[in-house]
Amino acid sequence: MTALTAFLKKEFLAIFRTGKAVGLLFVFLLFGIMNPAIAKLTPWMMEMMADSMAETGLSVTAVEVNALTSWTQFYKNTPIAIILFLLMFSNILTEECQCRTLINMITKGLPRWKVLAAKATILLIVWTVGYWMMFGVTYAYNRYFWNDTAVSHSIFAAFCVYLLGIWLISFLLFVSVLVHSNTIALAATGGCVIGMYLLSFIPAICKYFPIYCMSASSLLTNSAEVIDFLPAIVITVILIVGQSIASIFCFNNKQL
């Protein structure tokens with residue numbers, strides 16, 4: 001455990017010295033503020049545009065916003081936040097493999113699984129803090145402005161998307177073990193997501209893919225039931241565990 005703690009400390013120092021953690025957490029915070037802010041400002045913006053649109057023959061009706069408007073913005077911004085997260089940390093393993101900086105530590109007795117465990121822990125902490133901070137800020141403002149009581153299952157819906165983020169972390173690390181380029185790792189991750197997205201158009205199997213968790217926003221309006229997402233959650237958890245085990249096995253047999 002001493003070796004794991006020391007490596008974790010090294011990883012923490014690295015992401016803070018490079019400014020990655022602070023920058024990403026600021027982005028999550030900004031998105032958390034923007035979600036209710038955009039919803040709150042929408043009627044004012046539409047009113048400002050009404051005169052200019054009237055000159056073209058278009059009329060603007062009154063726009064009513066509520067907490068659901070803000071949550072809709074939250075689920076639109078979350079994929080952007082996920083993409084930024086993956087872009088910023090895509091080289092967390094491949095860079096060290098390319099620079100061969102792990103060889104000295106591993107030859108001195110550091111188990112390889114602890115390298116993966118430390119990097120996965122760092123990614124999980126940043127993702128957890130950032131995502132739930134974005135959710136918490138949006139939730140607090142929604143309660144303050146609109147008394148967010150008419151929205152259903154907001155926490156469970158957010159958890160589904162959070163779990164999707166954990167699956168993406170485990171998949172990115174798994175691909176990073178197999179390749180030496182963060183560009184290829186990102187492309188493979190993006191390709192997998194796009195492939196699942198296209199397959200999700202098939203009604204018979206759409207509920208069995210991790211990407212289905214992104215549609216959890218339908219729970220807010222009771223357009224779906226919690227039980228509808230249980231297959232996707234179970235499959236996602238199985239994939240996370242399976243990918244983590246496969247990553248350790250492949251990394252143990254990888255030539256650095």
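The first residue in the sequence is number 1, and the count goes up from there. Values below: all heavy atoms of this structure, side chains included; hydrogens, waters and symmetry mates excluded. Nothing here was measured: the structure is a model prediction, and the numbers come from that model.
- Taking all atoms of both residues into account, the shortest heavy-atom contact from C160 to I233 is SG-CD1, 4.0 Å.
- With rounding to the nearest 0.5 angstrom, the CZ atom of F174 is 11.5 Å from the CG atom of L116.
- Residue K9 qualifies as open at atom NZ: its count of foreign heavy atoms under 6.0 Å is 12 or below.
- Between W71 and Y139, the closest side-chain pair of non-hydrogen atoms falls below 4.5 Å.
- Here SG of C206 is found 12.0 Å from CD1 of I211. Values are rounded to the nearest 0.5 Å.
- Within a 6.0 Å radius of CD1 in I227, other residues, nucleotides and ligands contribute 12 heavy atoms or fewer.
- No more than 12 heavy-atom neighbours from other residues, nucleotides or ligands sit within 6.0 angstrom of CZ on F249.
- The two residues V175 and A188 have their closest heavy-atom pair at CG1-CB, 3.7 Å.
- One distance of note links OG1 of T189 with CD1 of I194; it measures 11.0 Å at 0.5 Å rounding.
- For F159 and W132, the distance between ring centers is not under 6.0 angstrom.
- No hydrogens or angles considered: nothing links the side chains of N182 and T94 as a donor-acceptor pair under 3.5 Å.
- If you run side-chain hydrogen bond (donor to acceptor under 3.5 Å, both in side chains) between N77 and each of T138, N35, T72, only N35 comes through.
- For the residue pair F229 and A224, the shortest heavy atom distance occurs at CE1-CB, 4.0 Å.
- Y75 and M214 get closest at one heavy-atom pair: O-CE, 4.1 Å.
- For the pair Q243 and W167, the minimum side-chain heavy-atom distance is below 4.5 Å.
- Clustering of Ile, Leu, Val, Met, Phe, Trp and Tyr side chains at separations under 4.5 Å leaves L13 isolated, with no partner residue.
- The side-chain heavy atoms of F171 and L239, taken from C-beta on, include no pair separated by under 4.5 Å.
- Side-chain contact check for V22 versus F16: some heavy-atom pair is nearer than 4.5 Å.
- For the atom pair CE of M88 and CG of L123, the computed distance is 12.5 Å after rounding to the nearest 0.5 Å.
- Screening residues 193-221 for side-chain hydrogen bond (donor to acceptor under 3.5 Å, both in side chains), with sequence neighbours left out, gives T221-S223.
- Looking at every heavy atom in both residues, V151 comes nearest to A67 through CG2-CB, 4.1 Å.
- Residues I238 make up the rest of the hydrophobic cluster containing V234, defined by ILVMFWY side-chain heavy atoms closer than 4.5 Å, directly or through other members.
- Residues F85 and L168 have side chains not in contact (no heavy-atom distance under 4.5 Å, counting atoms from C-beta outward).
- Of all non-hydrogen atoms in C213 and T236, the two that sit nearest each other are SG-OG1, 4.3 Å.
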> Under the ring pair (Phe, Tyr, Trp, His ring centres under 6.0 Å) criterion, do F135 and Y131 qualify, and how do the steps go?
Replying inline: CA-CA 6 Å; F135 172 84; Y131 179 79; 7.0 Å; no
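- A distance of 11.5 Å separates CG of L172 from SG of C192, quoted to the nearest 0.5 Å.
- Ring planes of F28 and W127: perpendicular class, angle over 60° (limits at 30 and 60°).
- The shortest side-chain heavy-atom distance between I92 and L173 falls under the 4.5 Å cut-off.
- Side-chain contact check for Y162 and T128: at least one donor-acceptor pair (N or O, by modelled atom type) lies under 3.5 Å.
- Atoms OG1 and CD, on T78 and Q73 in that order, are 10.0 Å from each other to the nearest 0.5 Å.
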